Amino acid sequence: MQEFDFSIIEEEARKKWSEKDVYKVNIDTSKPKYYVLDMFPYPSGAGLHVGHPLGYIASDIYSRYKRLKGFNVLHPMGFDAFGLPAEQYAIQTGQHPAKTTLDNIATYKKQLGKIGFSYDWSREVVTSEPAYYRWTQWIFIQLFNSWYDKSVEKAKSISDLTAIFEQSGNVGVQAACDEKTPQFTAEDWKAFTEKSQQEILMHYRLAYQSYALVNWCPELGTVLANDEIVNGVSERGGYPVERKKMSQWFLRITAYAERLLQGLNTLEWSDSMKEMQRNWIGKSIGAMVSFPIENHDADIEVFTTRVDTIFGVSFIVIAPEHELVQKITTSEYEEAVLKYKKTCAAKSDIERQQEKAVSGQFTGAHVIHPISGVKVPVFIADYVLAGYGTGAVMAVPSGDQRDYLFAKKFDLPIIQILDAQDEILEEANPTKEGRYVNSDIINGMAYQEAISTVTQALEKIGKGYAKVNFRMRDAGFSRQRYWGEPFPVYYDKDGIVRVLSESDLPVTLPAVENFKPTSDGKSPLANAPEWVNELGEGQTRETDTMPAFAGSSWYFLRYMDPKNENEFVSQEAQEYWQDVDLYIGGTEHAVGHLLYSRFWHKFFKDNNWVSTEEPFKKLVNQGMIQGRSLLTKADSIKGMPAGMHIPLSLTGPGDKIYKEKLIELTKADNRFAHIQPDTDVNWEDIDGKPFISLQFEVEKMSKSKFNVVNPDDMIDQFGADTFRMFEMFLGPIEAHKPWDTNGIEGVSKFVRKIWRLYGFDEAGQATFKDEASKDELKVLHRAIKKVTDDIERFSFNTAVSAMMIAVNDLGKLTPLSKTTLETIPVLIAPLAPFIAEALWTRMGNEESVFDAQFPMFDSKNLVEESILYPISINGKVRAKLEIAASLSPKETEEVVLNDEGVQKWLDGKAPKKVIVVPGRIVNIVL
RNA sequence: GCGGAAAUGGCGGAAUUGGUAGACGCGCACGACUCAAACUCGUGUACUUAGGUGUGAGGGUUCGAUUCCCUCUUUCCGCACCA
């Protein structure tokens, strides 16, 4: 009998696949298309650990399955190669990021190759290659040359807009634009200088430049997008972030806010993922209300979702940074207001969030209630955020807890406005129930009526209107970094912003010697003056670069037509491949990449460059594979309450570490250099050899925790098929689960059992019989049904289990029939491609197993007799009993309805379906 | 605080539409092979004294609930003074 050796069959299968170019995919209109996409990785220096391939294995199983089912499957892979780590590494080592990136890509491809993925590598995309990023730059130019027409909810060319301006100015234009855009007539427009015209157009462009408060990270020397900041510090590195006013590029994603929100309803994404995007977009329906300022010719505008509570307003609060603060503060309060503003400015965002104490300052100013005419004081307080709504709120202490606390502290009136509001002596009651009281024109009304009555009253006097507000901000698109796409932009001698023409693309990154930002916050590209000035005539290039999400916002389209030099994707390729049917990746991109991609895709749709409104139909988020760390207990080492991570190799017998090994570790790892083994450590056995005991913990895999498992080691030891199936076998694809190498033996055994079913003789011939027995067919078809169902519903762990059961059962029936032996390889091919190909070849097939047809389940094989049994009650046939397909007939020999069941049934109250088991009910179809 | 997901043996987990709870694997125990061990193979393995009890806790709907509804507890994830 020929022994199973995974290294031989893997080699053999690889050779066959590459000779036959099995994974090459082309447009084929005779077959339905299916597009399976992985979130492409950032090629970091650390390489892959066992957590990374989880999603790739799942997508590979599904695309192989779809292919065997007759679909033309697009399953590409590439690299998201621009980004901060490569640049940080370059600063530290002086190595060019292009080189380290290429090295890392080579490592990744080698690792991915071992696992046996069915990628069509001829379609590989690397975002940092000029042939790719020229199209990223091209898309930027298109965004720059577009505006958003709200009247038709669609992006249009900027030349359409200038035509309108020349005709009739901007009065009738419903555009997504800067709210401070001045109004002008056609005559005004024509009289403007070109520079002024360009400045006005900046208020409309979908890619525009603006001075704005941005998130500046001094440590990284760059601006960060909102989603790159976590808890007030940078996502990468955890450095503090401050607000700074800078000239920056932005993308007008807010124009698409409503469409991005509505589109979510059409997607097969997890609820939590959609909810995260909804929260980020943050739509709230409410009203704008203007409160005229006493003794000033100005109003304070507030946004509120509860305009019905307007008669409960007892004061107004504006953010300390609000632009009216200086203007309205009376001389009496000037000093106090200034002092308060200073204490607020000194606080970082985190401090401001953690600070729960109520604080604020009266400005001395008052506003007039627009309906009741009551005089109301104006305060500043940092619980009102400058960045949301108008940076001002109307305070209703009876209905809002923050307003309530503020009113208590400053001794302001708390007005009950609804009869259902009780207990407002203790806290605010935000109810919408009951009838309004103390509320002028809406007394006695209910919520809905009150809202519309107040809104209409405000509209009539020009002091308010219904308004939808979004929390989402426009996306900052400038980074002061080297390793990113240069903008196809320059400034002419008059300082006017110009984009290059398409024929000038790509704008390639210049060679620089210093990758650090300049001390005044300019991008490292400013260190290459020749490049900056090479256009001549006093023209200078933009030195900022694009953020990491630029290249990843459209890469999935490039895979459709990766070599095209004339278009970013051809019409033909795009019309065939359409969109991504299945997208697999982590949840960390919930509001970054996945939102920006949807935004760009909608922009492309407006221009008819793509044919779908959404890029990713179905999204599956793979969970994290956690590592098992060994660490010291809380009280073992002074100053390390969280415990100290210990490499497994240094532990003694049992879960403990001896003194000499710990000293070894403190010397080898400078993170622990401060530990004094004699004084800081509570040794457990001073008499014999001192040690401290350790505990296991399940946490994220990371080098610093010594809990990383390398997939290469696993594959060398157990083979790729075993590795793939074990990763799936760990649990549901979407769950977080700990890696436990012990369990891999079970899967390894299973692979060897499959091999043994073929009973290979000395000559490598399988032994089989002519006819399949009924038992054999039953086992086989039960497996076909279960594996098919499980793969369809992404339950790959149970699909592996189903195959294990089948192989165990078939093992008892050897020798098997030829039919069975030819079916098995195709059935397991998605899960274990190498052994599948090996067995397929050994059954005498020239072509690859992936050119075969996935086996069809035939229910005839599952039962021996008829599957319908009549049931009679009182001599009358009332129903037919259907045996569940997976049950064998003998299990349903005795069918008895219990008394209550029969009675309910006779009363006509029986459920539509009842399932009966031995001695009980199985499945009654009425 | 708000939103989302979840809680099942010693462990990872299964139960697809409300129908035999604990599949499959690990671990453990016993047996076969072996001088012996490892490997491999086989058998058993939720708890429990017969009876019974069991899917985080309590209640409800149902002939029947791990599954549906209500209340609560805990864990993970996301957002967080959003007016």
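Per chain, numbering begins at 1; letters A, B, ... match sequence-line order. Computed from a predicted model, the values in this text were never measured in an experiment.
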For [X] and [N], what is the distance between atoms [atom1] and [atom2] respectively, to the nearest whole Å?
X	N	atom1	atom2	answer
A/Ile281	B/G3	CD1	C1'	15 Å
A/Lys737	B/G13	NZ	P	8 Å
A/Leu385	B/C79	CG	C1'	14 Å
A/Asp789	B/A23	CG	P	21 Å
A/Asp308	B/A83	CG	P	14 Å
A/Lys753	B/C39	NZ	C1'	14 Å
A/Phe718	B/G25	CZ	C1'	14 Å
A/Glu588	B/G4	CD	C1'	17 Å

Distance between [atom1] atoms of [N] and [M] (Å, rounded):
N	M	atom1	result
B/G19	B/G64	C1'	7 Å
B/A14	B/A32	P	37 Å
B/G44	B/G22	C1'	16 Å
B/G18	B/C11	C1'	29 Å
B/G42	B/U49	P	31 Å
B/U53	B/A21	C1'	13 Å
B/U16	B/G56	P	16 Å
B/U55	B/A7	C1'	9 Å

Does the A/Lys737 side chain pair with the main chain of A/Ala735, one donor and one acceptor, at a distance under 3.5 Å? yes

Tell which nucleotide pairs with [N], taking only Watson-Crick or G-U wobble pairs whose two distances are both under 3.5 angstrom.
N	value
B/A36	none
B/A7	B/U73
B/C28	B/G44
B/C79	B/G1
B/G64	none
B/A14	none
B/A23	none

Please test A/Ile824 against A/Leu757 for side-chain contact (heavy atoms from CB on, under 4.5 Å), starting from the C-alpha separation and ending with a verdict. CA-CA 10 Å; A/Ile824 289 170; A/Leu757 293 179; 3.9 Å; yes

Contact class for [X] (heavy atom, under 4.0 Å): base, sugar-phosphate, or nothing?
X	value
A/Asp271	sugar-phosphate
A/Lys274	nothing
A/Asn808	sugar-phosphate
A/Ser272	sugar-phosphate

Straight-line distance of [X] [atom1] to [Y] [atom2], nearest 0.5 Å:
X	Y	atom1	atom2	answer
A/Ile281	A/Leu260	CD1	CG	5.0 Å
A/Met472	A/Trp280	CE	CH2	10.0 Å
A/Ile784	A/Asp789	CD1	CG	11.5 Å
A/Met273	A/Glu268	CE	CD	15.0 Å

Dump the intermediate steps for side-chain hydrogen bond (donor to acceptor under 3.5 Å, both in side chains) on A/Tyr383 and A/Asp403, then the final yes or no. CA-CA 10 Å; A/Tyr383 81 85; A/Asp403 296 346; 2.7 Å; yes

Counting only side-chain nitrogens and oxygens, does [X] get under 4.0 Å of the OP1 or OP2 atom of [N]?
X	N	value
A/Lys786	B/U16	no
A/Arg752	B/C39	no
A/Arg306	B/C82	no
A/Tyr383	B/A83	no

As a test of reading the structure: which of [options] is closest to the side chain of [X], going by heavy atoms?
X	options	result
A/Arg756	B/C41, B/A23, B/C81	B/C41
A/Asn742	B/C26, B/G78, B/U40	B/C26
A/Glu275	B/C24, B/A83, B/G4	B/G4
A/Pro732	B/U16, B/A14, B/A83	B/A14
A/Arg793	B/C82, B/C24, B/U16	B/U16
A/Val384	B/A83, B/G13, B/U40	B/A83
A/Pro738	B/G12, B/G78, B/C41	B/G12

State the syn/anti category of B/G9 according to its glycosidic angle, syn meaning within 90° of 0. syn

Mapping A/Asn797 and A/Phe726 to their closest nucleotides on RNA chain B, which lands nearer the 5' end? A/Asn797

Nearest-nucleotide comparison on RNA chain B, the residue closer to the 5′ end among A/Ile805 and A/His736: A/His736

A/Tyr596/A/Phe549 aromatic ring centres below 6.0 Å: yes

Side-chain donor-acceptor contact under 3.5 Å, A/Thr798 with A/Ser795: yes

